[in-house]
Each structure stands twice: as structure tokens, then as C-alpha cells.
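Counting convention: from 1, in listed order, for ligands and their atoms alike.
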Amino acid sequence: MTEFEMDLPEVSAERAYKLMLSLANERVSCTGAETKAAERLKEEAESAGAECAIETFEASCGRVEEATLTVLEPYEKEYTVTGYIRSGSTPEEGLELELSYVEDALEANLVGAAGKAVLVNGRVGYAMYERLQKAKPAAIISYSGTIYDREGETDLDIRKLRETYSGAFGDNIMLNLRARDALEMVTLGASKVRLKVKSRRFNGYSRNVCAVIPGTEFPDEIVSFGAHYDSVEFSTGSYDNMSGSVIIMEMLRYFLKNPPKRTVKINWYGSEEQGLLGSKAWTAAHKDELEKHVLMINVDVAGPILGSEKIFTMGAEPLKNYVDAMMKEMGRAVEVKEHVYSSDSVPFADNGVPAVNFCRFASQGAGYMHDRRDDPALAFMSAKALDITLQNVLAFSKRVVNAPVFPIEKKISDSMKDSVDKYLFRKK
Ligand SMILES: [Zn+2]
């Protein structure tokens, strides 16, 4: 090795950041933009010299063609709403319903809610949806954003009635409105509404991009890297999560140049934002090989200039201590916790594969995800900040991938299994 070669950087945050900027556009599940991003990632991986394939999977999709809400009593006003994707539809002429504000939809809030339209606080989670469906309202209205939002400066969220919800508790008609408008309706005592929703469901296709580098010494032991490359509506999905996608692209480049002792798989997952659909599809399609997977390394959110480094481990108790000690030994400032991180590592842990999640969270007010403010134009991210997470991932990965004896026991603790079951709504 010449001196010049020794000075060559192993990975480049500048190159990664440029790739992130070139893919900074909305990439929603099952859209042409998502497909295009998949093809672009595949091209990039292949141009680096990797073997790479796109694996297509079916995903439940939907489109809302029309959604309206008009307050009829005690005043008349039409509000801007979005229909939930996969919402039920009203009859063509719409539905006139009594309206009740049921706050967090606790049992006592829901007495007498049957047959009414109910307005609930914030996000409709699984347990809330279950309580709501038991009370049999005719329609469910949620709100999002803040009471300070101004139209034109913000987008009204498009939410989805997930299959896991409707499959367990049945369908309903679901609408979302602005927090500001919800405030006005409750202040003025809106008591009767007319709703109209025209919604269509269909199966679409989403894609995982999969690259592999065979191990030189232990080819039958696989360490797989993951990052989702899809985004939500209105977002460029740069912070969440092209940042993680480009970090694992750098890991691919690193292991192409420095052949790994264990087999390395690098997967970019589609449709994560719709309920981890890509990683669920991948683990289902590759069930037979999962016994060879010794670890999953997931990167989901990185890049904010003002932020903090976190690692969430999902495995047996010693995994957390091992990662924490290794980071301290290397002088890397990362908070390490055992925690079910809501990302593509979950289906792996669910299949017995321990996982380590790397993330850099923006400090409060210094970066946003899941709306139009996840945009590099707002200048809250940088290559330098991306490099912090990239170097953490690299330092950790090259040690474990090339360890003479694999240092992590392939075990998920009972408490972690329990937490994963709760996360996947199998337990309360
Ligand atoms: Zn994400």
C-alpha cells in the first residue's frame, strides 16, 4: 500500500450528501417516484461495482378522489379535509351526521357516539381505533398540524387507514382536518356536518433494492444493512430517510473495497412509512436464509446539524452493553439504549435476528420530518453532520463484520420479544 492509498478516505460524507441531494423529492409508496428512486439506487450500487437486484412486492394502496366536510349547524362552513387512504366511502350524495368532539376517545367520551361523526385528538392509534370501532361511530375525524399553521405555508397530512387496523376492527369513513379548523369547530360548537368521501382501494407495487457482497471467511454468516428510501407525502424525505440510504451506500462502497469476512447484504426498503412493508416483505420472501443472518444494522434518520446521536439495540441484554462499551472505547459520543425502534429492524428482530439502529435526531425545533420542512433547502442538514453517523456506523460495522468470532449472541430477550409483539399489535 502506498502512502497515497493509505490517505484515501474509506467513505465520503460529501459524496453521500450529494447523492442525497440528487434524490431529494417526494417518494411515496407505490408511486412512480418511488420506483425511480429504487432504480437510481440500484444504478449507483452497480456503478460502485456491486451485484444488485430490485425485488418487487405487492402493497395495499388507495386513492381518495373526493373528500369534503361542511358544518351545517349551528353555523354553515366548508372546511378543507383530506380523506384517509383506504377510508370507507360515503354514499354519492354524502352523509349528514351529528358531530361530537370525543377528545382521546376514552370509553366515557364515547357513550352515545354510535351513528355520529366523532372528532378525535391527534393521531388515531391502534388502541384508539379499537375503542372507536366498538362505539360504532359513522365516521371518524382527526386533526393534525398546529393552531398556528397557515394555509399555504403547511400541507394538510394525508393519513392512511392501515390494513392492520381495518383488518382487525373493520372499516370506517375517516377524514383529517387542520388543528386550527378543529379548534374553530369545537369553539363554535359545531354539532351537525355533511361529509362526502369517495375512496378507492387497489394493490400496487413497491420495491426493495438489494445488494450483496460475499464474505471471504464466513460466507454463511450474514450481516445485513438496511435503510428505507421511501418518503411521506409533501416531504423530500432527505432527513427521513435518504440520509440513512446514502450512509449504507457508503458502507457498500467500503466493503466492495475492503472485502468483508462475513457476507454483507445491503437493502434499501420501500414503503417503510406505510407500516414497514418493504422489510416485512423482504423477511417473508427470504425466510429460509434468515437463520444465516447474525445481525441487522439499520440507519433511519441522519444529517441534522443540531442533533444528537442515538443507537437503539434490539436483542439480548448484553448487546446494549457491548455496543455502548465499544462506542465509549472509541471515544464516540452516542447514547445507546435498548428500545424497539419503529423502523425496518422490527421484522428482523421479530424473526430472531438482533438489530442495531443508528440515528441522528434533530434537536427540538432544529429539523423536521414527515412534512414539507424535511427539505435540504431549509439548510438544517450538512455533509459534516451526516459524517458523524456515517463514521459511527463504519467504526461499528467493520469491527463486527470482520470479527474473528462473531461477538453478538443470536438471541432476542423475552422482554424484547414482548415489546416487539406489542409493537406489532399482537399483545396489549
Ligand atoms: Zn424513517
Side-chain angles (χ1 to χ4, degrees), residues 16-17 19-20 23-31 33-34 37-38 41 59 123 125 144 157-160 162 164 206-209 224-249 251 266-283 296-304 307-314 337 339-350 355-363 366-376 378 380-381 385-386 388-390 392-393 420 423-424:
Y17 200 75
L19 179 61
M20 185 198 84
L23 281 156
N25 59 278
E26 200 185 277
R27 303 174 301 277
V28 176
S29 169
C30 297
T31 61
E34 193 197 38
L41 289 168
R123 193 168 283 276
S144 60
D157 283 353
I158 296 174
R159 296 198 164 159
K160 186 176 181 182
R162 288 186 180 178
T164 40
S206 182
R207 285 151 182 86
N208 294 325
V209 185
S224 76
F225 291 78
H228 75 88
Y229 70 93
D230 65 314
S231 78
V232 299
E233 285 91 354
F234 312 119
S235 165
T236 76
S238 301
Y239 170 33
D240 183 14
N241 180 41
M242 194 47 73
S243 59
S245 294
V246 299
I247 285 177
I248 68 167
M249 185 67 79
M251 297 312 301
I266 313 255
N267 290 340
W268 291 271
Y269 296 108
S271 300
E272 188 266 357
E273 301 287 6
Q274 309 294 325
L276 320 179
L277 303 184
S279 49
K280 283 178 181 167
W282 197 89
T283 48
M296 195 271 190
I297 297 171
N298 187 49
V299 189
D300 193 355
V301 303
S308 39
E309 291 291 319
K310 309 275 179 197
I311 292 177
F312 299 112
T313 63
M314 298 159 70
K337 276 186 178 169
H339 172 66
V340 178
Y341 188 51
S342 179
S343 185
D344 293 310
S345 45
V346 172
F348 282 85
D350 190 39
V356 176
N357 298 278
F358 287 81
C359 0
R360 179 175 180 80
F361 291 127
S363 306
Y368 299 90
M369 63 175 77
H370 292 180
D371 62 37
R372 67 163 79 177
R373 296 169 298 181
D374 180 350
D375 185 343
L378 294 180
F380 70 89
M381 300 170 75
L386 189 78
I388 303 169
T389 313
L390 172 58
N392 285 341
V393 176
V420 168
Y423 176 88
L424 294 169

Donor-acceptor contact below 3.5 Å, side chain Arg360 vs main chain Leu386: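 A pair under 3.5 Å: no.
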Under 3.5 Å: donor-acceptor pair, side chain of Ser231, backbone of Arg27: yes
Any N, O or S atom of Asp300 closer than 2.8 Å to the Zn ion (ligand 1): yes
N, O or S of Asp240 under 2.8 Å from the Zn ion (ligand 1): yes
Atom name of the N, O or S atom in His228 that lies nearest to the Zn ion (ligand 1): NE2
Donor + acceptor pair across side chains of Thr236, Ser238 (<3.5 Å):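 Short answer, yes.
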Whether Phe361 and Phe312 hold their rings parallel, tilted or perpendicular, with breakpoints at 30° and 60°: tilted
